[in-house]
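Index from 1, following the sequence.
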Amino acid sequence: MKNVRRYFEDGYYFFITVATQGRKPHLTRQPVIQALRNAVRTTMVSHPFDIQAWVVLPDHMHLLIGVADQKVDLRIRKIKALTTRALPEFSYKNSQPNFSKRRRRQGSLWHNRFYDRIIRNEQELYMYTLYCCFNPVKHGYVNNALEWPYSTLNGYIKQGRYPESWRHITDAWVDDNFADYDMW
């Protein structure tokens, strides 16, 4: 898997999953979440993208972004690097003696790779947006997705970007709504 190939299309949405190294639950700690938000804002200025959905869980995050160019890898690398630089405890200088990571000057916050998938149609865009919002319920952190503070759900409902019916995203609600879609 050294030379991972990625399929790129201009002007499409990508679903991205980024995990912490060793799936350690660092991301929802207040200094980390603040550094991550700042890194995303900074990256959006230099390499614009639209956030369709975003959820941060303790050990991973999902992003659904729209891009106008093919530099998805660059954006994720920049977000990861800026977040790590803002948190000295995760610096490569302070990380465990992993020769490979130290040589490449990689910190200990993020897993080396990430997963991405191009969104091929409106149905997938809807489903992956809903998946991001539902993820805290799926992992058992909350009973209703509206209760999770590290998601675009609350803000985007208020802005009118998500339907009002998404205020009630629970296991039962998702079962009812996913039943109509044959993509999983």
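Sorted by first and then second residue, the ring pair (Phe, Tyr, Trp, His ring centres under 6.0 Å) pairs with a member in residues 34-77 read Phe15-His62, His60-His62, His60-His139, His62-Tyr131; sequence neighbours excluded.
Considering every non-hydrogen atom in both Lys80 and His111, the closest pair reads NZ-O, 2.8 Å. Pro31 and Leu87 make their closest contact through O-CD2, 3.7 Å (heavy atoms, listed as atom of the first residue, atom of the second, distance).
In this structure, Phe114 is a member of the same hydrophobic cluster as Ile118, with clusters built from ILVMFWY side-chain heavy atoms closer than 4.5 Å. Note: the hydrophobic cluster containing Tyr150 also contains Ile16 (ILVMFWY, side chain heavy atoms under 4.5 Å, direct or indirect links). By the rule that hydrophobic residues join a cluster once side-chain heavy atoms approach within less than 4.5 Å of another member, Phe134 and Trp173 end up as members of one cluster. Both Ile33 and Val18 belong to a common hydrophobic cluster when Ile, Leu, Val, Met, Phe, Trp and Tyr are linked at side-chain heavy-atom distances under 4.5 angstrom. Both Val137 and Tyr126 are part of a single hydrophobic cluster, where members link through side-chain heavy atoms under 4.5 Å apart.
Atom CD1 of Ile76 is separated from atom OG1 of Thr43 by 8.5 Å, given to the nearest 0.5 angstrom. The CZ atom of Arg85 sits 13.0 Å away from the CG atom of Leu109 when rounded to the nearest 0.5 Å. The line from OH of Tyr12 to CD1 of Ile65 is 15.5 Å long, rounded to the nearest 0.5 Å. To the nearest 0.5 Å, atom CG of residue Asp116 and atom CZ of residue Arg75 are 12.5 Å apart. From Leu64, atom CG reaches atom CZ of Arg117 across 11.5 Å, with rounding to the nearest 0.5 Å. In this structure, Asn135 CG and Met61 CE are separated by 12.5 Å, a value rounded to the nearest 0.5 Å.
Side-chain contact between Leu57 and Pro136 is present, with heavy atoms from C-beta onward closer than 4.5 Å. Residues Arg37 and Val56 are not in side-chain contact: their nearest non-hydrogen atoms beyond the backbone lie 4.5 Å or more apart. In this structure the side chain of Asp50 reaches within 4.5 angstrom of the side chain of Tyr13, judged on heavy atoms. Proximity of Asn38 to Leu82: side-chain heavy atoms (C-beta onward) are nowhere separated by under 4.5 Å. Side-chain contact check for Tyr141 versus Pro58: some heavy-atom pair is nearer than 4.5 Å.
The number of heavy-atom neighbours closer than 6.0 Å to CG of Asn143, taken from other residues, nucleotides and ligands shown, is 12 or below.
Checked against side chain to side chain contact (heavy atoms under 4.5 Å, CB included), Pro163 has the following partners two or more places apart in sequence or in another chain: Ser165, Trp166.
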**Request:** With side chain to side chain contact (heavy atoms under 4.5 Å, CB included) as the test, would you mind laying out the steps for Thr152 and Gln159 before giving the verdict?
**Result:** CA-CA 10 Å; Thr152 52; Gln159 294 172 16; over 6 Å; no
**Request:** Please assess Thr129 against Tyr162 for the test side-chain hydrogen bond (donor to acceptor under 3.5 Å, both in side chains), listing each intermediate value before the final yes or no.
**Result:** CA-CA 9 Å; Thr129 302; Tyr162 293 164; 5.6 Å; no
**Message:** Go through it in stages, so that I can follow the logic: the residues are Trp110 and Thr84, the test is side chain to side chain contact (heavy atoms under 4.5 Å, CB included), and I'd like the CA-CA distance, side-chain angles, deciding distance and then a yes or no.
**Reply:** CA-CA 8 Å; Trp110 300 107; Thr84 303; 3.3 Å; yes
**Item:** Stepwise side chain to side chain contact (heavy atoms under 4.5 Å, CB included) check, Leu146 with Asn154
**Value:** CA-CA 6 Å; Leu146 205 58; Asn154 286 312; 2.7 Å; yes
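Considering Lys24, Arg23, His26 in turn, Arg23 is the only one that fulfils the side chain to side chain donor-acceptor pair (under 3.5 Å) rule with Asp59.
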